[in-house]
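Everything numeric in this text was worked out from a predicted model, so none of it was measured. All values below were derived from every heavy atom in this structure, side-chain atoms included, with hydrogens, water molecules and symmetry-related copies excluded. Order of the sequence lines fixes the chain letters, A, B, ..., with proteins taken first and strands second; residue numbering starts at 1 for each chain.
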There are 2 protein chains.
Amino acid sequence: MNPSTANIEEAILSAILAGRIPPGTRLGEQKLADLFGVSRTRVREAMMRLETRGIVQVSARRGWFVVEPSADEAREAFQTRRVIETGLLQTVREVPPPVLASLKEHVAIERQAIETGDVSSRACLLGDFHIHLADALGNRMLTEIIRDLTARTTLISMLYQPTEKAAESSHDHEDIVAAMEAGDLAAAARLMEEHIGKVEAGLDLSAKPDPLASLRELLTPSTFNDVAPSMPHAHGVAVPHAPHHPSKTED
Amino acid sequence: MNPSTANIEEAILSAILAGRIPPGTRLGEQKLADLFGVSRTRVREAMMRLETRGIVQVSARRGWFVVEPSADEAREAFQTRRVIETGLLQTVREVPPPVLASLKEHVAIERQAIETGDVSSRACLLGDFHIHLADALGNRMLTEIIRDLTARTTLISMLYQPTEKAAESSHDHEDIVAAMEAGDLAAAARLMEEHIGKVEAGLDLSAKPDPLASLRELLTPSTFNDVAPSMPHAHGVAVPHAPHHPSKTED
DNA sequence: CTTGACAGCCTTGTATACAAGGCTGCGAGC
DNA sequence: GCTCGCAGCCTTGTATACAAGGCTGTCAAG
């Protein structure tokens, strides 16, 4: 059957979140159209929606790229998540028992994935905790917002994370749920703020904004001034990663 | 010169927010294409983006409609705004003086518009206060989120607001800024929560979700059960408003 | 007079054709 | 040998053509 625009959008997004499509990857319209068995029109629609959601970016006549958030954008994304997620916890008066139960269950699944060493689903699960929280305590709008933000921070982690601290994150989640269970939402909010702060602090935001950063140090700025202005990119370097992996996606 | 997709998107959005296009209005692709002097393709792109942002909705083969949020969606939108805006105020440590100054100026403009009786720009300004706040205290992402949310609540107000309490809203804004100036961000957050709550409480959410509500009370539900199922609408009634105003937009 | 069905029109949905511009690789000139 | 320029290919950008389905207004039957 023909995948709808929403299907394509969702498929690409989940592939990105699962780490199967790294940030910076070029997404050719025709390739995707062939892959999904539809015309470019529908692929374009899906890409345009994902662009509105901040997941991909188009570079005129060059193609669609999975966003590579700059260090600034990374900070913005984390700040935004701090604001919204602590705001959510502080707005809530009490946590219904079923919600607590499902959150505990989620944390348990996290721990299991970490112990099992299931790296691929781990990042996904850690992000899912926050989405789950928004869904349980908030509403659909909030969930959508958090989902898109989490998607961005996941991409950021892929770009900048030098060390994976999955175990610590999961422990943080456990503490947050415990505070919620104790009825201390203010403490939960504080823990959430610390947690997101820790994740942000664990990144090396000076590392990979572009692969040229390390080169740039070796050269005089003037050398680049003759060359760089022709690059149309506003902030993120849209150079396709891994040209040596021409068939990383399933084909 | 040819308006780009972004131009069209922005033009339609601001027309909606200014109240020139009421909720429920049908937006025909061809009409808009002629109006902007482009082909349907670009209009479609713009509409698709606006749909992603929750401003318009497409009903299959019937057309695009400015959303008419249901009472549930209205509550969600206000809850979401409470969460985010109080979260923002509570996350902030201190307010830079220039920010305070510009907020005060904004409130002054609000009061002026209210005193002058400038109804058309009034709603716009009242919403702008919150956008301005997000922009000054937060970041671009937060501002975009707040802007889209404010757009939705503005539409909601158009649908459900029985009485305009612009003066009271502006007074609330003033109080919030005063609390910020006093350095009491917690109080500012509390005032913001009350303010948004008041705006929500000022609506009559049982009133206009659909024009049939008043009729429905007079008739037995079974009468409608034979007729209603053929309606494809999920929640909001997408009947075009005001068929007696065929040329409300400038044409 | 009321009601039901149907035809025509008008709308969006989708694909495709063509235009415009960037990238790559080759070749000529220095 | 190296560099610069250019041609061809490949990509997205845009318009247009056609398909599919909903809506309206008319006409006929009861």
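Spacing between atom CZ of B:R61 and atom P of D:dG21 amounts to 6 Å, rounded to whole angstrom units. Between the CH2 atom of B:W64 and the P atom of C:dT12 there is a distance of 9 Å, given to the nearest Å. Atom CD of B:E29 is separated from atom P of D:dT14 by 16 Å (rounded to the nearest Å). Here the P atom of nucleotide C:dT14 and the CG atom of A:N2 are 9 Å apart, to the nearest Å. D:dT12 atom P lies 6 Å from atom CZ of A:R40, rounded to whole Å.
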Could you run down the sub-3.5 Å N/O contacts of the protein with nucleotides 6-10 of chain C?
none

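For A:R75, the side-chain hydrogen bond (donor to acceptor under 3.5 Å, both in side chains) test picks out A:D72, with sequence neighbours left out.
Residues A:D204 and A:S206 have side chains that bring a donor and an acceptor to within less than 3.5 angstrom of each other.
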Check against side-chain contact (heavy atoms from CB on, under 4.5 Å), A:V43 and A:W64: CA-CA 11 Å; A:V43 171; A:W64 298 87; over 6 Å; no

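Comparing D:dA15, C:dA15, C:dC18 by their nearest atom to the side chain of B:S39 picks out D:dA15. The side chain of A:V58 approaches D:dG13 more closely than any other nucleotide in the set C:dT16, D:dG13, D:dA15. Candidate nucleotides C:dT14, D:dA15, C:dA15 were compared by shortest atom distance to the side chain of A:V38, and C:dA15 ranks first.
Listed by first and then second residue, the salt bridge (charged side-chain N to carboxylate O under 4.0 Å, His left out) pairs that reach into residues 137-159 of chain B are A:E76-B:R140, B:R53-B:D148, sequence neighbours excluded. Among pairs with a residue in residues 33-44 of chain A, those fulfilling salt bridge (charged side-chain N to carboxylate O under 4.0 Å, His left out) read A:E29-A:R40, A:E29-A:R44, A:R44-B:E45, at least two apart in sequence or across chains.
For residues 41-50 of chain A, proximity to DNA chain C is found at A:T41, A:R42, defined as any non-hydrogen atom under 4.0 angstrom from a strand atom.
Residue A:R62 has a polar side-chain atom (N or O) positioned under 4.0 Å from OP1 or OP2 of C:dC23.
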Please tabulate, for the side chains in residues 121-128 of chain A, all donor-acceptor contacts under 3.5 angstrom to protein atoms that are two or more places apart in sequence or on a different chain.
| from | atom 1 | to | atom 2 | distance (Å) |
| --- | --- | --- | --- | --- |
| A:S121 | OG | A:D118 | OD2 | 2.9 |

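The closest donor-acceptor contact from the side chain of A:T153 to the backbone of A:I156 lies at 3.5 Å or more, if one exists at all.
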